[in-house]
There are 2 protein chains.
Amino acid sequence: MSKNQNVSDYKSTKQRNKIIQVLQDAKRPLTAEEIYLLVKDELPSVVISTIYRNMEALKNIIVKTVYNDGKARYALTKEKHTHNLICLKCTKIIAIEKCPLEALEKNLSEQNSFEILEHKLEIYGHCKDCR
Amino acid sequence: MSKNQNVSDYKSTKQRNKIIQVLQDAKRPLTAEEIYLLVKDELPSVVISTIYRNMEALKNIIVKTVYNDGKARYALTKEKHTHNLICLKCTKIIAIEKCPLEALEKNLSEQNSFEILEHKLEIYGHCKDCR
DNA sequence: GATGCAATTGCAACCCGTTTGCATCTAATT
DNA sequence: AATTAGATGCAAACGGGTTGCAATTGCATC
């Protein structure tokens, strides 16, 4: 049994460790397939359902966001969460470090009697190179 | 041929007209299936692919947003766009009329040399009744 | 009103991201 | 080393959305 009830008794497997490493190295949220391909470089026998099952198993430390293309992106939860500028031409993704909503959440929450737990913001447009 | 190249030569069909009416009456963005069921009340022979094809045909006047449940929601483009507070317990959706990003877009755009065309913001949490 | 024709629809099959059942394997404890 | 619950690989299934095709319909022209 684990000493820490939050960590639970999940096992440490090569697949899981590599998945976490891939997400740590990622500069932007990744799709399941992107994670799969990166993990496969090192563990060729991995299958994509292992990725999906780990996204579920690790959900406490992962944020999932479904983009308008219908594919989910996964990223490790960080102290400072980020949002993305997504280029509609080249699909480049640029992270914005400062969350523009931070300052507004309190008001929004009070005005609507709504307890805000999380939010999803993506901004679409054209990047410098594609304008 | 049409007199107006923007309006294009789309035909006015009962299905299309009813779809638009359903969206006009809607108080929140609807899924394809919700639209389908509402249209079906009046036009029982309609099929769901007709809904999807019309979402594509009408894309100039419709905003599509994929939520984290993997389903797209559709709403008519209005002068003032809205965002939603989405309750994670009862799935109630509360519209916020004032877009909290309006004021911030200009800065964001300049700081990142990014031409902002649209954005997607959804806020998740617990509504008054579910807290 | 009849004709021509492209847009639209209904239907069924398909696509693709994601999930699941099951047998096997493996990490972690004894 | 034996035990066993959790994890993995594999293949099949699921579900939202898309597409090919033949039949229908809106609409411009006669």
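This one's a predicted model, so the numbers in the text were calculated from it and none came from an experiment. Per chain, numbering begins at 1; letters A, B, ... match sequence-line order.
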Fill in the blank from the handout: Contacts satisfying side chain to side chain donor-acceptor pair (under 3.5 Å) that involve residues 36-45 of chain A (not counting sequence neighbours) are A/Lys18-A/Glu42, A/Tyr36-A/Lys40
Exercise for the section: Let me know the distance between CG of B/Asn54 and P of C/dA7, rounded to the nearest Å. Expected result: 14 Å
Problem - Within residues 13-20 of chain A, residues whose heavy atoms come under 4.0 Å of DNA chain C - result: none
Exercise for the section: Show your working on side-chain contact (heavy atoms from CB on, under 4.5 Å) between A/Tyr67 and A/Asn84 and close with a plain yes or no. Expected result: CA-CA 11 Å; A/Tyr67 282 24; A/Asn84 293 301; 3.3 Å; yes
Exercise for the section: Return yes if some donor-acceptor pair links the side-chain N/O of A/Lys59 with the main-chain N/O of A/Lys64 below 3.5 Å, else return no. Expected result: no
Problem - Residues, nucleotides or ligands: over 12 heavy atoms within 6.0 Å of A/Glu33 CD - result: no
Exercise for the section: Apply side chain to side chain contact (heavy atoms under 4.5 Å, CB included) to A/Ser109 and list each qualifying residue two or more places apart in sequence or on a separate chain. Expected result: A/Ile116
Fill in the blank from the handout: Rounded to whole Å, the CG-C1' distance (B/Asn68 to D/dG16) equals 15 Å
Handout entry: SB check B/Glu122 B/Arg73 (cutoff 4.0 Å)
Key = no
Fill in the blank from the handout: Once base and sugar-phosphate atoms are separated, protein heavy atoms under 4.0 Å mark nucleotides 12-22 of chain C, 5' to 3', with B, S and - as B----SBBBBB
Problem - For B/Val47, the rest of its hydrophobic cluster, which grows through side-chain links under 4.5 angstrom - result: none
Exercise for the section: For B/Tyr36 and D/dT18, give me the distance from atom OH to atom P, rounded to whole Å. Expected result: 16 Å
Handout entry: Phosphate-side-chain proximity, B/Thr50 and C/dG10, N/O vs OP1/OP2 below 4.0 Å
Key = yes
Practice task
Would you work out how much the helix from C/dG1-D/dC30 to C/dT30-D/dA1 bends between its ends, with each end axis defined by five base pairs, to 10 degrees?
Solution key: 30°
Problem - Spacing between B/Lys11 atom NZ and D/dG26 atom P, to the nearest angstrom - result: 8 Å
Fill in the blank from the handout: In whole angstroms, the gap separating C1' of D/dT8 from CE of A/Met55 amounts to 14 Å
Handout entry: Cluster overlap A/Ile48 with A/Val22, hydrophobic side-chain contacts below 4.5 Å
Key = yes
